[in-house]
Amino acid sequence: MFKDVEGKIKNKNSILFSRDSSSLEELRLMIMKQSHLTLVLWVFDNIKSMVVELSKKYTDEDVLIMAYEKCIAWAHGEVKMPVAKKSILDCHLFAKSMEDPYDIALCHAVGQGCSTIHVETHALGMVFYELTAIVIKNGYKNYEVEITDKINQYISKLKFWIENEKYYRENQEWADFLVKPGKINKEKLLYEKESI
C-alpha cells in the first residue's frame with residue numbers, strides 16, 4: 001500500500017505522497033465530488049491543530065496564526081484575495097526559515113490548506129505535506145499505522161462536513177465564489193484531464 005512512499009523515501013523526495021498514491025485513492029475520489037465550501041470547511045478543521053502545534057513551538061512568530069485567520073476572513077468575504085494570498089506566501093516563506101523537516105512539511109501543509117480557498121486542488125496538497133510530516137516524525141520507519149489512521153480521520157472528517165455543509169452555508173456569510181451554484185470542482189477537472 002505504501003510502495004510509492006518507500007520509492008520516494010529512497011529517491012530522497014521532499015514530498016512523499018501524490019495524486020498517484022494508492023493510499024489516497026478513496027480520499028481523492030471523495031474530494032473531487034465535493035463543493036468548494038465543503039472542502040474549505042474540511043481543510044480549516046484539519047489545519048487548526050497544525051497551526052496550534054507549530055505556534056507553540058515558534059512562539060515568537062504569528063505567521064501561521066495570521067494566515068489561518070486571514071484565510072478564514074477571506075472565506076467569509078471579509079478580506080480580498082491579495083490580503084490572504086500574502087499571508088499564505090508568508091507561511092511558505094516561514095517554512096524556508098525552519099530547520100526541522102517535520103516542521104517544514106507541516107508549515108507547507110498549512111499553506112496548502114489555506115490555499116484551498118483559492119482552488120480545490122490545494123486540499124490534497126495539505127494532505128501530501130501533513131502525511132509527509134508524519135513519516136518524517138516516525139524516522140521514515142513504522143509509519144504505516146499512523147498514516148492509515150490519519151487517512152481514515154481525513155475521510156471521517158470529510159463525511160462530517162459533507163453532512164453538515166448545508167447548515168454552515170445557510171447560517172454564515174461566505175464569499176460569493178465559495179457558494180456559487182454550478183461551480184465545477186477543479187480536482188475533478190484535473191482527474192478527468194489525467195484520465196484522457
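Note that the structure is predicted; figures quoted are calculated from it, not measured.
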Open item on the list: Do Val135 and Phe17 have side chains that approach each other closer than 4.5 Å (heavy atoms only, starting at C-beta)?
Closed with: yes
TODO: Taking all non-hydrogen atoms of both residues into account, name the closest pair between Gly111 and Ile88 and its distance.
DONE: O-CG2, 3.7 Å
Open item on the list: Using side chain to side chain contact (heavy atoms under 4.5 Å, CB included), reason through Met30 and Ile155 one step at a time and then give a plain yes or no.
Closed with: CA-CA 8 Å; Met30 286 179 70; Ile155 290 169; 3.7 Å; yes
Open item on the list: Parallel, tilted or perpendicular, judged at 30° and 60°: which one describes the rings of His92 and His108?
Closed with: parallel
Task: Phe94 and Tyr58 aromatic ring geometry - parallel, tilted or perpendicular at 30°/60° bounds - done: perpendicular
- [ ] Answer yes or no: does atom CD of Glu25 have more than 12 heavy-atom neighbours from other residues, nucleotides or ligands under 6.0 Å?
- [x] no
Task: Point-to-point distance, once rounded to the nearest 0.5 Å, from NZ of Lys85 to SG of Cys71 - done: 12.0 Å
Open item on the list: With a 4.0 Å cut-off on N to O distance, would you call Lys3 and Glu144 a salt bridge?
Closed with: no
Open item on the list: With a sphere of 6.0 Å drawn around OH of Tyr191, does it hold more than 12 non-hydrogen atoms of other residues, nucleotides or ligands?
Closed with: no
- [ ] Give the ring-plane orientation class for Trp174 versus His76, where under 30° counts as parallel, over 60° as perpendicular and anything between as tilted.
- [x] parallel
Task: Atom pair CE/CZ of Met32 and Arg19 - distance to nearest 0.5 Å - done: 11.5 Å
Task: Non-hydrogen side-chain atoms of Val51 and Lys48 separated by less than 4.5 Å - done: no
Task: Ion pair check, Glu78 and Lys70, cut-off under 4.0 Å - done: no
Task: Side chains of His36 and Asn185 in contact at under 4.5 Å (non-hydrogen atoms) - done: no
Task: Point-to-point distance, once rounded to the nearest 0.5 Å, from CD1 of Ile147 to CD1 of Ile134 - done: 4.5 Å
Task: Atom NZ of Lys150 with >12 non-hydrogen neighbours under 6.0 angstrom - done: yes
Task: Worked check of side chain to side chain contact (heavy atoms under 4.5 Å, CB included) between Ser87 and Cys114 - done: CA-CA 9 Å; Ser87 69; Cys114 287; over 6 Å; no
Open item on the list: With heavy-atom distances below 4.5 Å as the criterion, would you say the side chains of Leu39 and Leu158 are in contact?
Closed with: yes
Task: Electrostatic pair Lys86:Asp90 at N-O distance under 4.0 angstrom - done: yes
TODO: State, without any angle test, whether Lys8 and Ser14 hold a side-chain donor-acceptor pair at a distance under 3.5 Å.
DONE: no
Open item on the list: Evaluate Lys33 against Lys188 for side chain to side chain contact (heavy atoms under 4.5 Å, CB included), listing each step before the verdict.
Closed with: CA-CA 7 Å; Lys33 294 176 183 174; Lys188 181 180 179 185; over 6 Å; no
TODO: Indicate whether any N or O donor in one side chain lies under 3.5 Å from an N or O acceptor in the other, for Glu146 and Asn138.
DONE: yes
Task: From Leu37 atom CG to Glu165 atom CD, the distance as rounded to the nearest 0.5 Å - done: 4.5 Å
